[in-house]
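Ligands are counted one by one from 1 in listed order, and the atoms in each one are counted from 1 as well.
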Amino acid sequence: MATASAPLTTHLQNFVVPWIFLLQSLLSLPPLILHLLLTLNLATLLSPSRLKYAWFSRFWEKFAPSVRLNSEARVVPLLQGRVSRGAVVDRPAHPPVSGTVIEIGPGSGMWVSLFSEDYLDKDSADGGGSTPRRATRSSSSSSSKPPSVTRVFGVEPNPDVHAALRRRVAAAGLSDTYEVVPTGIEDLAPSGRVPRESVDCVVSILCLCGIPDPQHNVREVYRLLKPGGRWYAYEHVRCTHSWYMRAYQKEREGERERERTKLIHPSSSAPLKGLINLFWPHFLGGCELDRDTGRSLREAGTWSKIDLEPCVDEDWSSPIPHIIGVLTK
Ligand SMILES: C[S@@+](CC[C@H](N)C(=O)[O-])C[C@H]1O[C@@H](n2cnc3c(N)ncnc32)[C@H](O)[C@@H]1O
């Protein structure tokens with residue numbers, strides 16, 4: 001990962017990566033359309049929402065393993081509780097994920113194996129890493145096993161990823177623990193399926209960028225957490241580094257304000273979207289690059305502890321910067 005003193009090539013790579021994502025996504029569309037035509041799946045072909053799901057699922061199944069590879073050095077320690085102030089730390093700063101868990105937007109299940117004890121009941125004295133192993137806690141650690149994950153609700157609205165998700169749940173030996181909830185997170189609280197203050201942990205990994213009305217829905221999920229419950233987040237967020245990075249990634253400062261003004265004065269000039277985000281949501285299943293997800297999480301309700309920061313090992317030239325951390329209710 002690049003640092004502030006990273007070579008120019010690294011910065012150039014940072015600028016180019018989003019376009020490679022977009023191109024890969026675009027290239028996955030023609031084979032999908034051909035497949036839908038050959039299988040006479042006109043229902044999907046002619047429905048924009050179903051086509052969007054099918055497109056994202058095809059792209060993500062191919063791309064998600066590399067996303068996991070690039071992110072696991074952060075996400076594995078995060079769920080083990082070994083992340084603090086935006087950095088991975090040797091010793092636990094928070095308890096690991098445990099008890100009843102909501103995983104928002106698990107997609108094809110890239111992270112479900114982390115809910116097994118192989119990962120979460122891991123001695124942190126080795127400095128972490130992503131290799132799973134059964135618990136062999138050192139004598140300096142507590143001799144009692146930490147509580148394990150007892151139940152997971154994987155809330156995933158895209159039906160096209162469910163088969164892959166269930167396959168990975170089974171492969172992780174979690175079929176009795178992990179329930180796929182085939183709806184959007186916005187429908188979870190209203191459904192009454194998960195009572196208020198009944199959840200120990202929420203896990204959101206690269207998914208709050210795509211949920212509707214994040215301010216409202218993050219608040220609704222907050223209400224499902226027990227007092228003392230924890231939200232483990234790893235999300236990409238809007239650029240704040242400089243005007244040029246903001247313009248490259250997201251809508252220009254004050255655009256929302258202008259958009260509101262435009263409703264009142266329709267003749268005012270149309271606002272420009274930031275360059276990448278002009279295309280990104282259309283090519284990547286509705287994912288928005290320019291969300292202030294840190295704010296949505298901080299303002300979801302009263303937290304007793306907020307340890308959520310930008311990743312310290314990310315440099316200024318990333319148009320897809322991340323935040324990482326744990327919020328405790
Ligand atoms: C970029 S993918 C990330 C998937 C997975 N967390 C990972 O890291 O591999 C975002 C996921 O969020 C899901 N998603 C979109 N809208 C959602 C919603 N309203 N509620 C829950 N999940 C949603 C998408 O279907 C997709 O699977």
Side-chain angles (χ1 to χ4, degrees), residues 17-18 21-22 24-25 28 49-76 78-79 97 101-115 119 130 152-169 171-172 178-191 193-194 199 201-222 224 231-237 277 280-289 291 293 296 320 322-324:
V17 160
F21 255 74
L22 290 172
Q24 295 281 355
S25 175
S28 67
S49 59
R50 286 171 76 164
L51 186 62
K52 187 176 107 176
Y53 276 147
W55 182 12
F56 184 76
S57 142
R58 182 170 269 247
F59 164 73
W60 196 245
E61 186 58 25
K62 219 166 163 186
F63 231 66
S66 61
V67 173
R68 169 159 176 157
L69 208 62
N70 286 329
S71 323
E72 66 184 0
R74 291 171 180 163
V75 175
V76 174
L78 171 69
L79 300 200
V97 170
V101 178
I102 294 174
E103 184 184 15
I104 305 176
S108 51
M110 276 298 122
W111 305 105
V112 293
S113 61
L114 302 193
F115 297 117
Y119 279 97
S130 56
V152 187
F153 296 99
V155 186
E156 174 54 65
N158 184 343
D160 293 282
V161 295
H162 288 163
L165 174 57
R166 291 203 170 93
R167 227 177 17 249
R168 292 199 169 96
V169 166
Y178 197 109
E179 182 185 340
V180 177
V181 180
T183 61
I185 193 66
E186 62 278 15
D187 297 323
L188 188 65
S191 74
R193 187 174 194 151
V194 178
V199 169
C201 297
V202 174
V203 171
S204 66
I205 301 178
L206 305 174
C207 63
L208 298 182
C209 47
I211 68 168
D213 197 351
Q215 290 283 109
H216 171 75
N217 287 311
V218 166
R219 212 176 307 128
E220 287 299 301
V221 178
Y222 167 91
L224 303 179
W231 190 314
Y232 299 73
Y234 176 61
E235 297 287 348
H236 64 76
V237 291
N277 207 42
W280 192 268
H282 307 293
F283 284 57
L284 288 159
C287 164
E288 296 276 357
L289 282 182
R291 289 202 168 165
T293 299
S296 302
I320 312 180
H322 295 82
I323 52 170
I324 192 166

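A distance of 4.5 Å separates CH2 of Trp111 from OG of Ser71, quoted to the nearest 0.5 Å.
Contact atoms of ligand 1 toward Cys207: 12 (O) (distance under 4.0 Å to a heavy atom of the residue). Listed by atom number, the atoms of ligand 1 under 4.0 Å from Met110 heavy atoms are 9 (O). Shown in contact with Pro212 at under 4.0 Å from a heavy atom are these atoms of ligand 1, numbered in order with element: 19 (N). Each of the following atoms of ligand 1 lies closer than 4.0 Å to a heavy atom of Gly107: 4 (C), 27 (O). The contact set between ligand 1 and Asn158, taken as ligand atoms under 4.0 Å from a residue heavy atom, comprises 25 (O).
Scanning Ile102, Val161, Val75, Leu206 for the heavy atom closest to atom 10 (C) of ligand 1 points to Leu206. Proximity annotation for atom 15 (C) of ligand 1: of Gly184, Gly105, Pro157, Pro157 comes nearest, heavy atoms only.
Residue contact annotation: Ala64 has no non-hydrogen atom under 4.0 Å from ligand 1.
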Legend entry - side chain to side chain contact (heavy atoms under 4.5 Å, CB included) between Ser204 and Tyr232, worked out: CA-CA 6 Å; Ser204 66; Tyr232 299 73; over 6 Å; no

Legend entry - Test log, rule salt bridge (Lys or Arg N to Asp or Glu O under 4.0 Å), inputs Arg168 and Glu103: CA-CA 14 Å; Arg168 292 199 169 96; Glu103 184 184 15; over 6 Å; no

Inset, instruction - Take Val237 and Leu289 through the test side chain to side chain contact (heavy atoms under 4.5 Å, CB included) and record every step on the way to the result. - result: CA-CA 6 Å; Val237 291; Leu289 282 182; over 6 Å; no

Legend entry - Test side chain to side chain contact (heavy atoms under 4.5 Å, CB included) applied to Tyr234 and Val203, step by step: CA-CA 8 Å; Tyr234 176 61; Val203 171; over 6 Å; no

Inset, instruction - Show your working on side chain to side chain contact (heavy atoms under 4.5 Å, CB included) between Val202 and Ile104 and close with a plain yes or no. - result: CA-CA 7 Å; Val202 174; Ile104 305 176; 3.9 Å; yes

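Neither the backbone nor the side chain of Arg68 comes within 4.0 Å of ligand 1, counting heavy atoms alone. Contact annotation for Val155 and ligand 1: only backbone heavy atoms (N, CA, C, O) come within less than 4.0 Å of the ligand. The side chain of Phe56, and not its backbone, has at least one atom closer than 4.0 Å to an atom of ligand 1 (non-hydrogen atoms only; side chain from C-beta on). Under 4.0 Å from ligand 1, not a single heavy atom of Ser71 appears.
What sits closest to atom 7 (C) of ligand 1 on the protein, heavy atoms only, is Trp111 NE1, 3.5 Å. Atom 27 (O) of ligand 1 has as its closest protein heavy atom Glu156 OE1, 2.7 Å. The protein atom (non-hydrogen) at minimum distance from atom 16 (N) of ligand 1 is Gly210 O, 3.6 Å. The nearest heavy-atom contact from the protein to atom 19 (N) of ligand 1 is Glu186 OE1, 2.8 Å.
Glu235 and Thr293 form no side-chain donor-acceptor contact under 3.5 Å, judged by distance and modelled atom types alone.
The distance criterion of under 3.5 Å between nitrogen or oxygen atoms is met by Trp60 with respect to ligand 1. Checking only distances, Ile185 does come within under 3.5 Å of ligand 1, N or O to N or O. Considering backbone and side-chain N/O of Ile205, one or more are found under 3.5 Å from N/O of ligand 1.
With hydrogens and angles disregarded, no donor-acceptor distance shorter than 3.5 Å links the side chain of Asp160 to the backbone of Arg58. Put simply, the side chain of Arg193 never gets that close to the backbone of Leu188: no donor and acceptor are under 3.5 Å apart. In terms of modelled atom types and a separation under 3.5 Å, the side chain of Asp187 and the main chain of Thr183 share no donor-acceptor contact. The backbone N or O of Ile320 sits less than 3.5 Å from a side-chain atom of His322, completing a donor-acceptor pair. A donor-acceptor contact shorter than 3.5 Å is absent between the side chain of Ser108 and the backbone of Val161.
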